Asks: 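Okay, here's the structure, questions in a sec.
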2 protein chains.
Amino acid sequence: MREEITADFLKVLGHPSRIKILTSLENGYKCVRDLESVVGITQSNLSQHLRILKDKGILEHERRGTEICYRIRDRNALDIIRFAEKLFTERG
Amino acid sequence: MREEITADFLKVLGHPSRIKILTSLENGYKCVRDLESVVGITQSNLSQHLRILKDKGILEHERRGTEICYRIRDRNALDIIRFAEKLFTERG
DNA sequence: TTAGTTTATTATAATATTATAATAAACTAA
DNA sequence: TTAGTTTATTATAATATTATAATAAACTAA
């Protein structure tokens, strides 16, 4: 049971686009249109990844004028990614 | 590119059976037959998960008499899991 | 209102992952 | 050798994930 929850969380982090989303939100809010160019996927696909991250409580969003902006809600998610990245630079 | 590698690694950890395998190997070697009862999946399925973990360099194995025993090769994998687990106990 | 902009949703095809069943492979021990 | 034990592999069906295309929804600003 505990393994299911942990696995589910790691699985959500285990996608390159979602990792790009999280690392590009490291320093605060970004609207969807900006994320689109940073992450380099279609608006539709991006929106789906954002929802996956939001549903897991990793992101939150708010409207700012004409745009909707996302930011990191659970900083730990980013920490896991950073930690995993560190292992690879150490490994080679 | 870097994201792909990190994502690939996290994806491998994002499965309950593979998490069970890793946590049950925390203190050293275990042969496949023992893992089978701990993890609670069929021998065939277990063997496939072991191969996935071995191919990623997370596990290694050696023959001990009639059995084949696995142990953790990349301790960092377990650290990631422990870290993720910790987040949930903190969260609630 | 209406046109335009931004984001979300839905349906779906393509692909990847997983578990099962059957069998093969690699041994050991008699 | 041969029988028995342990583990790996293969084929495949079931399921999950992903990206695309089309469209809807939610706004803003004129």
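Predicted model, so just to flag it, every value in this text is computed and none were measured. Numbered from 1 within each chain, the chains take letters A, B, ... in sequence-line order.
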Asks: Do any pairs count as a ring pair (Phe, Tyr, Trp, His ring centres under 6.0 Å) and have a residue in residues 27-52 of chain A, sequence neighbours left out, and if so which ones?
Replies: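 Pairs touching residues 27-52 of chain A that pass the test: His15(A)-His49(A).
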
Asks: Assess whether a salt bridge exists between Asp8(A) and Lys56(A), defined as any Lys/Arg side-chain N lying under 4.0 Å from an Asp/Glu carboxylate O.
Replies: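 Yes, this pair counts.
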
Asks: Please lay out, stage by stage, how Leu13(B) and Thr6(A) fare under the test side-chain contact (heavy atoms from CB on, under 4.5 Å).
Replies: CA-CA 9 Å; Leu13(B) 300 183; Thr6(A) 306; over 6 Å; no

Asks: Kindly write out the residues that satisfy side-chain hydrogen bond (donor to acceptor under 3.5 Å, both in side chains) with Arg63(B), not counting sequence neighbours, or none if the list is empty.
Replies: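 Partners of Arg63(B) by the side-chain hydrogen bond (donor to acceptor under 3.5 Å, both in side chains) criterion come out as none, since no residue qualifies.
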
Asks: Run the side-chain donor-acceptor check on residues 37-44 of chain B: report pairs under 3.5 Å with partners two or more places apart or on a different chain.
Replies:
from     : atom 1 : to       : atom 2 : distance (Å)
Ser37(B) : OG     : Asp34(B) : O      : 2.9
Thr42(B) : OG1    : Asn45(B) : N      : 3.2

Asks: Using a cutoff of under 3.5 Å, can you pull out all pairs of nitrogen or oxygen atoms linking the protein to nucleotides 13-15 of chain D, with atom names and distances?
Replies:
none

Asks: How does DNA chain C read in dot-bracket, base by base from 5' to 3', with Watson-Crick or G-U pairs under 3.5 Å and | used when the partner is on another strand?
Replies: ||||||||||||||||||||||||||||||

Asks: Could you list the protein-to-nucleotides 25-30 of chain D atom pairs, N/O on both sides, closer than 3.5 Å?
Replies:
none

Asks: Specify the separation, in whole Å, of atom CD of Glu3(A) and atom P of dT18(C).
Replies: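 From Glu3(A) CD to dT18(C) P: 16 Å.
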
Asks: List for me each residue that meets side-chain hydrogen bond (donor to acceptor under 3.5 Å, both in side chains) alongside Glu26(A), sequence neighbours excluded, and say none if there are none.
Replies: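 Scan of Glu26(A) (side-chain hydrogen bond (donor to acceptor under 3.5 Å, both in side chains), adjacent residues dropped) gives Arg82(A).
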
Asks: Between atom CG in Asp55(A) and atom C1' in dA8(C), what is the gap in whole Å?
Replies: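 Between C1' of dA8(C) and CG of Asp55(A): 12 Å.
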
Asks: Excluding sequence neighbours, so at least two apart, what forms side chain to side chain contact (heavy atoms under 4.5 Å, CB included) with Val32(A)?
Replies: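 Per chain and number, Val32(A) pairs via side chain to side chain contact (heavy atoms under 4.5 Å, CB included) with Leu46(A), Leu50(A), Tyr70(A).
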
Asks: If the cut-off is 4.0 Å, is Lys11(A) near the phosphate of dT17(C), judged by side-chain N/O to OP1 or OP2?
Replies: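 No.
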
Asks: Is there a side-chain polar atom (N or O) of Arg64(B) under 4.0 Å from OP1 or OP2 of dT6(D)?
Replies: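 No.
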
Asks: Only counting residues at least two apart or in another chain, list the ones meeting side-chain hydrogen bond (donor to acceptor under 3.5 Å, both in side chains) with Glu60(A).
Replies: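 For Glu60(A), the residues satisfying side-chain hydrogen bond (donor to acceptor under 3.5 Å, both in side chains) (neighbours in sequence not counted) are Arg71(A).
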
Asks: Tell me whether Arg18(A) contacts the main-chain N or O of Val12(A) through its side chain, where contact means a donor paired with an acceptor under 3.5 Å.
Replies: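 Flag set: sc Arg18(A) to bb Val12(A) pair under 3.5 Å.
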
Asks: To the nearest 0.5 Å, what is the distance between SG (Cys69(B)) and CG (Leu59(B))?
Replies: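 The distance works out to 12.5 Å.
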
Asks: Can you sort out which residues in residues 24-53 of chain A have a heavy atom within less than 4.0 Å of DNA chain C? Ascending by number, please.
Replies: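 Close to the strand are Cys31(A), Val32(A), Arg33(A), Gln43(A), Ser44(A), Ser47(A), Gln48(A), Arg51(A).
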
Asks: In this structure, how many angstroms lie between the P atom of dA16(C) and the CD atom of Glu4(B), rounded?
Replies: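 It is 14 Å, rounded to the nearest whole Å.
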
Asks: How many Å lie between CD1 on Ile21(B) and C1' on dT7(D), as a whole number?
Replies: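 Roughly 14 Å, once rounded to whole Å.
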
Asks: Measure the spacing between CZ of Arg51(A) and NE2 of His61(A) and express it to the nearest 0.5 Å.
Replies: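 Rounded to the nearest 0.5 Å, the CZ-NE2 separation comes out at 12.0 Å.
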
Asks: Return the set of residues passing side-chain hydrogen bond (donor to acceptor under 3.5 Å, both in side chains) with Glu67(A) (not counting sequence neighbours), or none when no residue passes.
Replies: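 Glu67(A): side-chain hydrogen bond (donor to acceptor under 3.5 Å, both in side chains) contacts with Arg33(A).
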
Asks: Can you tell me if the side-chain N/O atoms of Tyr70(A) get under 4.0 Å from OP1 or OP2 in dA8(C)?
Replies: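 Yes, such a contact exists.
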
Asks: For Asp79(B), which residues count as a salt bridge (charged side-chain N to carboxylate O under 4.0 Å, His left out) partner, sequence neighbours excluded?
Replies: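 Scan of Asp79(B) (salt bridge (charged side-chain N to carboxylate O under 4.0 Å, His left out), adjacent residues dropped) gives none.
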
